[in-house]
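Read through the structure below, which is laid out as structure tokens, and then see the notes.
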Amino acid sequence: MVKKDKVSETPATAFLRQHGVAFTEHPYEYLEHGGAQHSAQVLGMDPFAVVKTLIMQDQDAKPLVVLMHGNRKVSTKNLARQVGLKSIEPCAPDVANRHSGYLVGGTSPFATRRAMPVYIEETILTLPRICINGGRRGYLVGIAPQVCMQLLNAQAVNCALAE
């Protein structure tokens with residue numbers, strides 16, 4: 001079920017407005033463990049264009065952000081190899097919450113509590129528009145994918161696996 005009400009400002013939307021980024025708002029009924037596939041389905045979007053924000057960590061427990069298609073998984077082995085790390089693994093939800101300042105399921109790559117390197121699956125950059133979390137569970141924002149490169153200084157990587 002799609003919510004029609006206006007969503008209050010989040011650190012992520014404040015960050016986007018501050019940088020003059022035009023975005024569309026897409027609130028929806030959040031489902032625990034529904035993920036990007038659920039949000040794409042209820043909003044009538046292609047899950048390939050719904051981008052999930054994943055907080056991961058390297059072998060030294062240093063956090064990093066990975067932006068991935070909603071219907072793909074991250075090959076942590078390929079990612080680690082491409083960025084010169086020994087290993088990468090997902091953070092535990094409580095650790096991810098601490099690093100990002102957002103609750104898992106509502107993690108946005110914009111205005112995170114802690115500055116972290118951002119890696120974006122390169123095929124995301126071929127899309128005209130993406131929907132990405134706006135900083136709250138049940139809330140996506142539509143933007144041009146190049147915004148992630150410009151504002152997050154993201155590095156393009158090739159680490160997608162079919163889900």
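These numbers come from a predicted model, not from an experiment. For the numbers below, each heavy atom of this structure counts, side chains included, while hydrogens, waters and symmetry mates do not.
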*Considering residues at least two apart in sequence or located in another chain, which fulfil the side chain to side chain contact (heavy atoms under 4.5 Å, CB included) criterion with P117?*
L64, Y119
_Nearest 0.5 angstrom please: F48 CZ to T123 OG1, how far?_
4.0 Å
*Looking only at non-hydrogen atoms, find the nearest pair between P11 and A111 and report the distance.*
O-CB, 3.4 Å
*asked:* Is there a path of hydrophobic side-chain contacts, each under 4.5 Å between heavy atoms of I/L/V/M/F/W/Y residues, joining V51 to I143?
replied: yes
*List the atom of L125, the atom of Q146, and the distance in Å for their closest heavy-atom pair.*
O-NE2, 3.2 Å
*Considering non-hydrogen atoms only, spot the tightest contact between G135 and N133 and give its length.*
N-OD1, 2.7 Å
*Are side-chain heavy atoms of Y30 and R136 found at a separation under 4.5 Å?*
no
*Could you note down all residue pairs passing side-chain hydrogen bond (donor to acceptor under 3.5 Å, both in side chains) where residues 82-93 supplies at least one of them, sequence neighbours left out?*
Q57-E89
*Got a second to check how far L54's CG is from L67's CG, nearest 0.5 Å?*
8.0 Å
*Can you sort out the partners of F23 under ring pair (Phe, Tyr, Trp, His ring centres under 6.0 Å), two or more places apart, ordered by chain and number?*
none
*Compare every heavy atom of P145 with every heavy atom of P128, then report the nearest pair and how far apart it is.*
O-CD, 3.6 Å
*Would you give the length of the straight line joining atom CG of L127 to atom CD of E121, rounded to the nearest 0.5 angstrom?*
10.5 Å
_Pairs involving residues 90-111, ordered by first then second residue, that meet side-chain hydrogen bond (donor to acceptor under 3.5 Å, both in side chains) (sequence neighbours left out)_ = H99-R114
*Linking I/L/V/M/F/W/Y whenever any side-chain heavy atoms sit under 4.5 Å apart, do Y139 and L31 land together?*
no
*Compare every heavy atom of V50 with every heavy atom of S39, then report the nearest pair and how far apart it is.*
OG-CG1, 3.8 Å
_Do V141 and I120 land in one hydrophobic cluster if side-chain heavy atoms of ILVMFWY residues count as linked below 4.5 Å?_
yes
*Would a 4.5 Å heavy-atom cut-off, applied to side chains only, mark V147 and L16 as touching?*
yes
*Look up atom CD1 in I124 and atom NE2 in H69, then write down how far apart they are to the nearest 0.5 Å.*
4.5 Å
*When you measure from the side chain of T112 to the backbone N and O of P109, does any donor-acceptor pair fall under 3.5 Å?*
no
*Give the C-alpha distance, both sets of side-chain angles, the deciding distance and a yes or no for side chain to side chain donor-acceptor pair (under 3.5 Å) between T13 and T10.*
CA-CA 5 Å; T13 55; T10 67; 3.3 Å; yes
*Measuring from L79:CG to I88:CD1, what's the distance to the nearest 0.5 Å?*
3.5 Å
*Under the 3.5 angstrom rule, does the side chain of R129 hit a backbone N or O of G142 as a donor-acceptor pair?*
yes
*asked:* If you apply the rule side-chain contact (heavy atoms from CB on, under 4.5 Å), what do you find for R137 with E32, and how did you get there?
replied: CA-CA 9 Å; R137 290 175 170 178; E32 191 76 33; 4.0 Å; yes
_Quick check: is V66 connected to V104 through a chain of hydrophobic side chains (ILVMFWY, heavy atoms under 4.5 Å apart)?_
no
*For the atom pair CE (M56) and OG1 (T76), what is the distance rounded to the nearest 0.5 Å?*
6.5 Å
*Got V65 and I55 here, is their nearest side-chain heavy-atom distance under 4.5 Å?*
yes
*Got a sec, which pairs hit salt bridge (Lys or Arg N to Asp or Glu O under 4.0 Å) with one end in residues 57-66, sequence neighbours left out?*
none
Less than 3.5 Å apart, which donor and acceptor atoms pair up between the side chains of residues 148-160 and the rest of the protein, not counting sequence neighbours?
none

*side-chain contact (heavy atoms from CB on, under 4.5 Å) between L140 and I132: does it pass, once the steps are laid out?*
CA-CA 5 Å; L140 300 179; I132 196 163; 6.0 Å; no
